[in-house]
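Every chain is numbered from 1, with letters handed out A, B, ... down the list of sequences.
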Protein chains: 2
Amino acid sequence: MTEDTGDMWVTVTPEASRRLLLAAVDSFAERGYHGTSTRHITAGAGMSAGALYVHYPTKADLLFQIALLVHDSVLRTLHEAVAAGTGPPQRVRALMYAFSAWHARHHRAARVIQNELGALGPEHAAQIADLRRRVREMILAEVGAGAASGDFDVADLPGAARALSSLAIDVCRWYRPEGPRTPDEIGAFYAHTAMRILGAG
Amino acid sequence: MTEDTGDMWVTVTPEASRRLLLAAVDSFAERGYHGTSTRHITAGAGMSAGALYVHYPTKADLLFQIALLVHDSVLRTLHEAVAAGTGPPQRVRALMYAFSAWHARHHRAARVIQNELGALGPEHAAQIADLRRRVREMILAEVGAGAASGDFDVADLPGAARALSSLAIDVCRWYRPEGPRTPDEIGAFYAHTAMRILGAG
DNA sequence: GTCTATAGCTGGATAGAC
DNA sequence: GTCTATCCAGCTATAGAC
């Protein structure tokens, strides 16, 4: 239950492209997309101003590549989490644990995709919106299975699914690495909290 | 329970200052602080570029004034909500209802203060951080009173208070006015959800 | 593939007429 | 108090040397 999808960025090569991507995540998370200059990014990667454009055509493309990698990591994490569960309560517990812990572990990357996606152009935004819909539908399906089986007691199914998702996503807003709880502790607490929200004793 | 603090902006005079402030809230919410130009703001208020500086010394000051007014509105809304409650469950229900509904009703203003406060200078940021601490402490105190009285069953008091606050705040991220639920319906559902999270049957 | 230098544009803020 | 015109700093992206 404490596993993750490994390093989200290992597939990015060459190493200079990855350094630029990581510097962009840090700066976008801290200053926002529009508050970040290409010089912030190249300086963060230890390069000079012009070096960015050898690896990425525009600053906007950098944001898009980040969004693709991040949503892919989330989807794989959630699929791995539910795969092990044998019944709805177990599966939803694992889902909530994994989703919450992911948002703590990757809070910088998560902040970027929660706050800065408005800077994407229309067709890039549509592509990312599709990935995000798949996350929502997965959570709704798992909660719905538990409602159908009688394991959960929910009067408002979409509302309850939204509450679980909201709780996990918002971890990236308030989480601080130096805070009192580890990502795993947050995952465990929110898995328990999810069962209460769903009326599963 | 459906009351609010009235119009958050009525105290802003003259009317031209208020128009600029409202245009700034809309643009900051949609494009972010750094993505918003002073020309966006003045155009949104139906004025020309230079007119802003008659009413506000800088663009940053506009953000600060918004943050002050918004946090004042939240604090007044929460105090009014708990004032009517006679016991911890009633008080926390009213608090959660009011806090959630406020974030739906004022989702644009709320997005600005959740996402754009990083653009404030150090002393302005410190002043706003103080107001935000008062909100957190109020929620913690109300939940703590219910734990102490035995009305709630919580193993992790700060964690549970954080979950309630997180759930209500995140409403401003996903809420859409054209969506299926009204602010009051969201408030009612989240007041009920809070009781489940707190183990108050 | 990285550097320096710079083109071309947009932004925040100011000046001065009305 | 609002307008138009403008200053100049900072931005994205490109050019050309190495």
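- An OP1 or OP2 oxygen of C/dG12 is reached within less than 4.0 angstrom by a side-chain nitrogen or oxygen of B/Thr38.
- Using a 3.5 Å distance cut-off with no hydrogens or angles, the side chains of B/Thr182 and B/Asp184 do not pair a donor with an acceptor.
- When the P atom of D/dT14 is taken as reference, atom OH of A/Tyr56 falls 17 Å away, rounded to whole Å.
- In this model, no donor atom of one side chain and acceptor atom of the other lie less than 3.5 Å apart for A/Arg162 and A/Ser166.
- Taking the side-chain hydrogen bond (donor to acceptor under 3.5 Å, both in side chains) definition, one finds that B/Arg76 meets it with B/Asp72, sequence neighbours left out.
- Atom CG of B/Asp61 is separated from atom P of C/dG12 by 15 Å (rounded to the nearest Å).
- A/Leu20 places its CG atom 15 Å from the C1' atom of D/dA13, with the value rounded to the nearest Å.
- A/Glu116 places none of its side-chain heavy atoms less than 4.5 Å from the side chain of A/Ile66.
- In this structure, A/Arg196 pairs ionically with B/Asp153, as a charged nitrogen and a carboxylate oxygen lie closer than 4.0 Å.
- Take B/His107 and apply the side-chain hydrogen bond (donor to acceptor under 3.5 Å, both in side chains) test, not counting sequence neighbours, and it matches no residue.
- Across residues 24-36 of chain B, not one residue has a non-hydrogen atom less than 4.0 Å from an atom of DNA chain D.
- Here the CZ-CH2 distance, from B/Arg136 to A/Trp174, works out to 12.0 Å after rounding to the nearest 0.5 Å.
- Within the model, atoms CG of B/Leu198 and CE of B/Met96 stand 8.5 Å from one another, a figure rounded to the nearest 0.5 Å.
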Give me, pair by pair, the N or O atoms of the protein and of nucleotides 2-4 of chain D that are less than 3.5 Å apart, along with how far apart they are.
unit_1 : atom_1 : unit_2  : atom_2 : d
D/dT2  : OP2    : B/His55 : NE2    : 2.6
D/dC3  : OP2    : B/Ser48 : N      : 2.5
D/dT4  : OP2    : B/Ser48 : OG     : 2.7

Output a table of nitrogen or oxygen pairs between the protein and nucleotides 7-9 of chain D separated by less than 3.5 Å.
none

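- The existence of a salt bridge linking B/Arg91 and B/Asp151 is excluded, since no basic side-chain nitrogen approaches an acidic carboxylate oxygen closer than 4.0 Å.
- Counting to the nearest Å, the C1' atom of D/dT14 and the CG atom of A/Leu52 are 13 Å from each other.
- Minimum heavy-atom separation, B/His103 to B/Ala110: CD2-CB, 3.7 Å.
- For the salt bridge (charged side-chain N to carboxylate O under 4.0 Å, His left out) test, residues two or more places apart in sequence or in another chain that qualify with B/Asp156 are A/Arg181.
- The interatomic distance linking A/Lys59 (NZ) with D/dG10 (P) rounds to 16 Å, in whole Å.
- Across the protein-nucleic acid pair, A/Tyr53 atom OH and C/dT6 atom P stand 18 Å apart, rounded to whole Å.
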